[in-house]
J.: 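Dropping a structure here in structure tokens format, bear with me for questions.
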Number of protein chains: 2
Amino acid sequence: MKKDLTSEIKTELKERLHDKDLKLTHPREVIAEKILSAKAGEHFSADELWEKLRKTAKGVSKATVYRTLNLLVEKKIVEEHDFGKGQKYYERMVERPHHDHLICVQCGRIVEFENAEIERLQEVIARESGFKLSYHSHKLFGACPRCRSRRQA
Amino acid sequence: MKKDLTSEIKTELKERLHDKDLKLTHPREVIAEKILSAKAGEHFSADELWEKLRKTAKGVSKATVYRTLNLLVEKKIVEEHDFGKGQKYYERMVERPHHDHLICVQCGRIVEFENAEIERLQEVIARESGFKLSYHSHKLFGACPRCRSRRQA
DNA sequence: GTCGATGCAAACGATTTGCAGTGGA
DNA sequence: TCCACTGCAAATCGTTTGCATCGAC
């Protein structure tokens with residue numbers, strides 16, 4: 001199982017990197033494995049990822065973590081988010097449908113949402129202004145159910 | 001005209017600041033004047049604002065510009081935006097209806113939009129997840145009409 | 001007179017970069 | 001072999017902060 005996933009990743013990565021004269025190095029392999037084996041919808045910062053990798057026998061430098069993350073964002077393997085916490089957060093996008101986020105301003109919890117009607121309206125809005133959309137960022141900030149009830153208590 | 005605006009600002013500011021034991025100092029006055037006299041929908045960085053103020057007889061320190069901007073954001077007099085340009089941008093919100101933004105990824109031009117249906121749907125989404133919304137950020141990135149035609153040429 | 005506000009310069013912190021050495025293809 | 005990649009440390013850069021002084025109320 002693990003073995004399959006790993007070799008799948010390698011093949012996938014090699015393919016995606018190869019046509020741009022990019023090499024599949026050990027650090028990239030280790031980073032990609034860690035990211036792709038994370039559970040869906042998990043958001044992590046570059047530093048958090050680095051911390052996780054540091055514990056592994058073969059550590060990876062922080063600079064390489066940043067460089068590789070930027071590479072993976074470019075390759076659409078991960079997505080970059082700014083939740084207003086002063087640092088960027090990342091999320092794997094392989095085999096994940098597009099979605100946007102609800103963010104709790106009190107505890108930081110993040111919930112995903114997707115709404116076809118909003119997606120459609122965005123296209124309408126863009127068309128009206130003559131824009132050709134390439135991507136969007138839609139974040140709703142507020143208090144999550146847990147924090148709301150805690151506050152009432 | 002100018003005189004009226006100025007005293008109006010002073011009164012307004014004094015009012016808004018007073019109940020929190022905040023003082024209406026000269027730097028705050030100068031900064032507020034500059035911001036409120038800017039044309040609607042103008043986006044500026046802290047540094048740009050500071051540059052403008054520097055030319056004035058009475059300069060203001062950059063630290064104070066930052067501190068005052070944060071104060072004005074808190075007081076809902078200006079709004080803070082992150083357009084992914086590596087620095088924060090501000091926009092006066094006094095006498096301005098809520099709106100979101102279309103951002104050109106090529107030239108950086110910003111166009112406003114507002115859509116009641118999307119606003120409504122956001123509330124529906126929040127309700128479904130049990131969130132109580134306090135604010136949101138909705139940004140559409142793409143190529144503006146100008147850049148699209150330039151690219152075709 | 002008080003205490004909040006200011007200016008200055010130093011501190012911060014996430015991210016990037018220069019460079020010499022390393023290792024995929 | 002060749003050139004992209006890596007690790008390390010230093011550099012960046014927008015923003016914040018410590019502290020002595022200043023000034024609004």
J.: Mapping B:Ser45 and A:Thr68 onto DNA chain D by nearest heavy atom, which one lands closer to the 5' end?
T.: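 First, find each residue's nearest nucleotide; the 5'-ward one identifies A:Thr68.
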
J.: Starting from P on C:dA5, measure out to CG on B:Leu72 and report it in whole angstrom.
T.: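 Those two atoms, CG and P, are 12 Å apart.
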
J.: Are the side chain of A:Ser129 and the backbone N or O of A:Ala126 linked by a donor-acceptor pair below 3.5 Å?
T.: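 Flag not set: sc A:Ser129 to bb A:Ala126 has no pair under 3.5 Å.
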
J.: Does the side chain to side chain donor-acceptor pair (under 3.5 Å) test come out yes or no for A:Asp100 and B:His138, once each step is laid out?
T.: CA-CA 10 Å; A:Asp100 294 292; B:His138 195 180; over 6 Å; no

J.: Mind calculating the distance between CH2 (B:Trp50) and P (C:dG7) to the nearest angstrom?
T.: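 The answer, rounded to whole Å, is 11 Å.
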
J.: Is A:Lys85 salt-bridged to A:Glu48, going by a charged N under 4.0 Å from an acidic O?
T.: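 Salt bridge: no.
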
J.: Please answer whether the main-chain N or O of A:Ala38 pairs with a side-chain N or O of A:Arg92 as donor and acceptor at a distance below 3.5 Å.
T.: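 Confirmed, A:Arg92 side chain pairs with A:Ala38 backbone.
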
J.: In the 5'-to-3' direction, what one-character label does each nucleotide of nucleotides 17-25 of chain D receive under the scheme B = base within less than 4.0 Å of a protein heavy atom, S = sugar-phosphate only, - = no such atom?
T.: BB----BBS

J.: Give each stem of DNA chain D as a range with a range, requiring at least 3 consecutive Watson-Crick or G-U wobble pairs whose two distances are under 3.5 Å.
T.: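 As far as DNA chain D goes, consecutive pairing (with distances under 3.5 Å) yields the stems C:1-10 with D:16-25, C:12-14 with D:12-14, C:16-25 with D:1-10.
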
J.: Taking B:Arg146's backbone N and O only, do any of them form a donor-acceptor pair with B:Ser149's side chain (distance below 3.5 Å, no angle check)?
T.: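 Side chain of B:Ser149 to backbone of B:Arg146: a pair is present.
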
J.: Please verify the inter-ring angle class for B:His99 with B:His101; under 30° counts as parallel, over 60° as perpendicular, anything in between as tilted.
T.: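 The rings of B:His99 and B:His101 stand perpendicular, inter-plane angle above 60°.
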
J.: Mind calculating the distance between CZ (B:Arg28) and P (C:dG4) to the nearest angstrom?
T.: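 Going from B:Arg28 (CZ) to C:dG4 (P), I get 11 Å.
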
J.: Send over the distance from A:Glu80 CD to C:dA14 P, rounded to a whole Å.
T.: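 These atoms are roughly 15 Å apart.
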
J.: Using whole Å, what does the distance between atom P of nucleotide D:dT12 and atom NZ of A:Lys62 come to?
T.: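 Distance, rounded to whole Å: 20 Å.
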
J.: Expressed as a whole number of angstroms, how long is the span from A:Glu51:CD to C:dA14:P?
T.: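 Taking atom P of C:dA14 as the reference, CD of A:Glu51 is at 12 Å.
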
J.: Rounded off to whole Å, could you give me the CD-to-C1' distance for the B:Gln87 and C:dA14 pair?
T.: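 Atom-to-atom, B:Gln87 to C:dA14, this comes out as 15 Å.
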
J.: Counting heavy atoms not belonging to A:Lys132, are there more than 12 under 6.0 Å from its NZ?
T.: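 Check fails, neighbour count at 12 or below.
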
J.: For B:Asn70, answer base if it contacts any base atom (sugar-phosphate contacts may also be present), sugar-phosphate if it contacts only those atoms, and nothing otherwise; contact means non-hydrogen atoms under 4.0 Å.
T.: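 Sugar-phosphate contact only.
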
J.: Check this for me: does any side-chain nitrogen of one of B:Glu79 and B:Arg96 sit under 4.0 Å from a carboxylate oxygen of the other?
T.: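 No salt bridge links B:Glu79 with B:Arg96.
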
J.: Taking only residues two or more places apart in sequence, or in another chain, which ones meet A:Glu117 in a salt bridge (Lys or Arg N to Asp or Glu O under 4.0 Å)?
T.: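 Testing A:Glu117 for salt bridge (Lys or Arg N to Asp or Glu O under 4.0 Å), a comparison that skips the adjacent residues, returns A:Arg120.
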
J.: Report the distance from atom NZ of B:Lys85 to atom C1' of C:dT15, rounded to the nearest whole Å.
T.: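 Rounded to whole Å, this separation is 20 Å.
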
J.: Please tell me if B:Ser61 has a side-chain N or O lying less than 4.0 Å from either OP1 or OP2 of C:dC8.
T.: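 Looking at the OP1 and OP2 atoms of C:dC8, neither is under 4.0 Å from any side-chain N or O of B:Ser61.
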
